[in-house]
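The first residue in the sequence is number 1, and the count goes up from there. The basis for the numbers below is simple: all heavy atoms, side chains too, and nothing from hydrogens, waters or symmetry mates.
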Amino acid sequence: MPNLNLILLYVDDPVKSTPFYTELLDRDPIASFPTYVAFALGDGFTLGLWANHRISPAPPKTGNRTEIAFMVDDEAAVQALYQQWSKRGVKIEQDPNLDVFGLTFVALDPDRHRIRVCQADK
């Protein structure tokens, strides 16, 4: 089976979204074009930001029900990231709360993609 190595987020303007993800991920992009920007996430995994108007075939305008998630070691790490992102002005959609898999919170990027932070499965 092929290895999963790329997550694409469809965005209005990858160049405008780049500063958000540069700060959030604490790293610069590995590729940057007017309609596509990519960030290395480690272990050969990449996050790509692709301009809506360049995607072929065009994606549907409704029904986007996905999120990307970052797992951290424990509840203290969830709280620390929440505080750090809040201070940076990242929009928070859901404050930290306990869910079936532990403490979690949800942030939004400039295109309103959900970014979940939660503690790693034990």
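Minimum interatomic distance between Trp50 and Ile55 (heavy atoms only, all atoms of both residues): CD2-CG1, 3.7 Å. The shortest heavy-atom contact between Pro14 and Ala51 is CG-N, 3.6 Å. Summarising the geometry of Gln119 relative to Leu103, their closest heavy-atom pair is OE1-N, 2.9 Å, with the distance given to 0.1 Å. Between Ala40 and Ile30 the shortest heavy-atom distance is CB-CG2, 3.8 Å.
Considering OG of Ser86 and CD of Gln79, their distance stands at 9.5 Å, rounded to 0.5 Å. To the nearest 0.5 Å, the span separating OG1 on Thr18 from NZ on Lys16 amounts to 12.0 Å. Rounded to the nearest 0.5 Å, atoms CZ (Arg88) and CD (Gln83) are 13.0 Å apart. Remark: Asp13 CG to His53 NE2 distance equals 8.5 Å, nearest 0.5 Å. For the atom pair Ile115 CD1 and Glu93 CD, the distance stands at 11.0 Å (nearest 0.5 Å).
No side-chain heavy atom of Leu49 sits less than 4.5 Å from a side-chain heavy atom of Tyr36. By the 4.5 Å heavy-atom criterion applied to side chains, Val11 and Asn52 are not counted as neighbours. Looking only at side-chain heavy atoms (C-beta outward), Phe39 and Thr46 stay at 4.5 Å or farther from each other. When side chains are defined from C-beta on, Ile68 does not count as touching Arg114, because their heavy atoms never get closer than 4.5 Å. Residues Gln84 and Val90 fail the side-chain proximity criterion, which asks for heavy atoms closer than 4.5 Å. Two residues are said to be in side-chain contact when any heavy atoms from C-beta on lie closer than 4.5 Å; Arg27 and Thr22 fail this criterion.
Judged by distance alone, with hydrogens and angles left aside, the side-chain atoms of Asn97 form a donor-acceptor pair with the main-chain N or O of Asp95 at under 3.5 Å. Here the side chain of His113 pairs a donor or acceptor atom with the backbone of Tyr10 at under 3.5 angstrom. Between the side chain of Asp43 and the main chain of Phe45, no donor-acceptor pair closer than 3.5 Å is present. A donor-acceptor distance shorter than 3.5 angstrom exists from the side chain of Asp109 to the backbone of Arg112, with no hydrogens or angles considered.
Side-chain heavy atoms closer than 4.5 Å link hydrophobic residues (I, L, V, M, F, W, Y) into clusters, and following such links, possibly through other members, connects Tyr21 to Val72. Val15 and Leu47 end up in different hydrophobic clusters when Ile, Leu, Val, Met, Phe, Trp and Tyr side chains are linked at under 4.5 Å. The cluster map of Ile, Leu, Val, Met, Phe, Trp and Tyr, joined by side-chain heavy atoms under 4.5 Å apart, puts Leu108 and Ile7 in different clusters. Cluster annotation: Val78 is connected to Trp85 through the hydrophobic network of ILVMFWY side chains, with a link wherever side-chain heavy atoms come within less than 4.5 Å.
For the 3.5 Å distance criterion, the side chains of Ser17 and Asp111 qualify, holding a donor opposite an acceptor.
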ask   = Which is it for Met71 and Val117 under the side chain to side chain contact (heavy atoms under 4.5 Å, CB included) test, yes or no, and what are the steps along the way?
value = CA-CA 6 Å; Met71 290 194 173; Val117 174; over 6 Å; no
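The aromatic rings of Tyr82 and Phe105 lie perpendicular to each other, with more than 60° between the two planes, well past the 30° mark.
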